[in-house]
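All chains are named by letter (A, B, ...) in the order of the sequence lines, taking the proteins before the strands, and each is independently numbered beginning at 1.
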Amino acid sequence: MPELPEVETVVRTLEHQLDRVMITGCEVFWNNIIGYPDAATFCRDIVGKTIQGYYRHGKYMRFDLGDMEWICHMRMEGKFYVQQPQEPYDKHVHVILQLSDGRQLRYHDTRKFGKMYLYEKRADVSSYPCFKNIGYDAFDERITAEWMYHTLHKKKTALKAVLLDQRYIAGIGNIYADEICFAMHMHPETMINHLRKKDFEELIYHIRRILNGAIRAGGTTIRSYTSQLGVDGRFQLKLKVHAKKGEACPVCGTTIKKIVVATRGTCFCPTCQRRR
DNA sequence: CTTACCTCCTGCCCGC
DNA sequence: TGCGGGCAGGAGGTAA
């Protein structure tokens, strides 16, 4: 499931692979992938545009097309492939963009959960309808301990639920939420209103440290990128607790437990991570 | 306003 | 072997 670091890797990889390429054709095989407008309009309007910039907001990718903006969310299983037209593709390829250099940009998504949007360009990125419930990107400097304390100190919500809630901080998903809770030595169900301003400073520090570490690990993917593999931004990153149920905590050796928090499978160390 | 639950999808794992 | 059931999961939507 691509989270912020994986999306960043995909965006940078595509920028490296495609740069300023023109889109000369578009086919959509599964209409629900297109969140706005309808698939036919999407195809008609994207053809003839040149990609002029590659950006990311939370887990969303943004492509500057000059007078329009193409926005994609890969949800859990989305991948992009840059391939030659004659290369075969399977039933999970739902969108194919023909490029001016003869190659194709193919969107592959096993569960069809991903979404693409095409909007008239706006100066204020946060005003796009698909970002209606999406807050500041995790690296946005407007996320400060003061802002977090002000926004959250009265809420009776679990720490992990806050980390996953894209309205507050955009980009963190289930994997890094577990890792961030571990770094905080906090039980994922710690109530956010129990955190002090100093805790929020620490939280922001760990969020950015962990996401940055993952982005750096993703750089390896860019260098070793080959079109056959597809670009999904995944890489080998040593996780401390996520998906480690039954294994020993790397710090104290206690068996990692798994519970459900905010409807998500959640792994944590019962010794290192205390409730507050 | 907040929370709980449903929806979208498919692959995979389980039990029979 | 093969089938059905259950589950996971980001984010939008709706009901309570």
Side-chain angles (χ1 to χ4, degrees), chain A residues 1-11 28-39 56-62 71-80 89-95 106-119 125-138 150-181 188-193 207 211 214 230 232-234 239 241-246 256-268:
Chain A
M1 50 229 72
E3 301 184 27
L4 184 154
E6 292 79 11
V7 179
E8 179 68 19
T9 300
V10 173
V11 167
V28 174
F29 306 114
W30 189 260
N31 290 345
N32 281 352
I33 298 289
I34 310 302
Y36 183 87
D38 62 90
R56 182 193 55 69
H57 180 81
K59 303 177 199 172
Y60 290 78
M61 323 168 61
R62 293 172 38 223
I71 300 174
C72 301
H73 193 306
M74 298 182 283
R75 285 298 214 281
M76 281 107 65
E77 310 228 8
K79 293 178 187 67
F80 282 92
Y89 57 88
D90 68 22
K91 61 177 179 179
H92 301 304
V93 170
H94 307 305
V95 178
R106 299 171 175 176
Y107 179 68
H108 181 286
D109 189 343
T110 311
R111 293 194 185 161
K112 300 176 175 167
F113 270 23
K115 290 282 180 221
M116 295 182 184
Y117 309 86
L118 188 63
Y119 298 115
V125 169
S126 66
S127 73
Y128 288 117
C130 65
F131 292 151
K132 195 176 71 181
N133 297 309
I134 305 295
Y136 299 139
D137 183 81
H150 177 258
T151 308
L152 298 166
H153 79 104
K154 283 182 182 166
K155 302 221 183 274
K156 294 189 174 82
T157 312
L159 167 62
K160 180 164 174 181
V162 168
L163 292 173
L164 290 174
D165 194 329
Q166 305 296 303
R167 290 173 300 176
Y168 302 125
I169 303 174
I172 302 166
N174 205 31
I175 297 172
Y176 298 115
D178 279 359
E179 296 296 311
I180 291 161
C181 290
E189 286 178 317
T190 299
M191 287 295 121
I192 202 75
N193 59 334
I207 288 169
L211 295 178
D232 68 355
R234 279 172 227 209
L239 302 171
V241 285
H242 184 77
K244 302 285 186 191
K245 179 193 173 190
I256 301 294
K257 267 187 77 176
K258 183 169 182 179
I259 57 172
V260 174
V261 181
T263 74
R264 299 287 187 282
T266 300
C267 294
F268 72 105

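- For the side-chain hydrogen bond (donor to acceptor under 3.5 Å, both in side chains) test, no residue two or more places apart in sequence or in another chain qualifies with A/Arg264.
- Axis angle, first five pairs versus last five pairs of the helix from B/dT2-C/dA16 to B/dC16-C/dG2: 50°, rounded to 10°.
- Among the heavy atoms of the strands lying under 4.0 Å from A/Asn32 are primed sugar atoms or P, OP1, OP2 only; no base atom is included.
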Restricting both atoms to N or O, compile the protein contacts to nucleotides 6-8 of chain C shorter than 3.5 Å, with distance only.
{"unit_1": "C/dA8", "atom_1": "N3", "unit_2": "A/Arg111", "atom_2": "NH1", "d": "3.1"}

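- Residues satisfying the side chain to side chain contact (heavy atoms under 4.5 Å, CB included) test with A/Lys59, not counting sequence neighbours, are A/Val7, A/His73, A/Gln166.
- By the side chain to side chain contact (heavy atoms under 4.5 Å, CB included) test, A/Tyr89 is found to be paired with A/Phe29, A/Val93, A/Ile96, A/Arg106, residues two or more places apart in sequence or in another chain being considered.
- A/Thr151 is linked by a side chain to side chain contact (heavy atoms under 4.5 Å, CB included) to A/Trp147, A/Tyr168, counting only residues two or more places apart in sequence or in another chain.
- A/Tyr128 meets the side-chain hydrogen bond (donor to acceptor under 3.5 Å, both in side chains) test with A/Glu69; sequence neighbours excluded.
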Where do N or O atoms of nucleotides 2-5 of chain B meet protein N or O atoms at under 3.5 Å, pair by pair?
{"unit_1": "B/dT2", "atom_1": "OP1", "unit_2": "A/Lys155", "atom_2": "NZ", "d": "2.7"}

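- Applying the salt bridge (charged side-chain N to carboxylate O under 4.0 Å, His left out) test to residues at least two apart or on different chains, the pairs with a partner in residues 108-118 of chain A are A/Glu77-A/Arg111.
- By the side-chain hydrogen bond (donor to acceptor under 3.5 Å, both in side chains) test, A/Thr263 pairs with no residue at all, sequence neighbours left out.
- Checked against side-chain hydrogen bond (donor to acceptor under 3.5 Å, both in side chains), A/Asn193 has no partners two or more places apart in sequence or in another chain.
- For the ring pair (Phe, Tyr, Trp, His ring centres under 6.0 Å) test, residues two or more places apart in sequence or in another chain that qualify with A/His153 are A/Tyr149.
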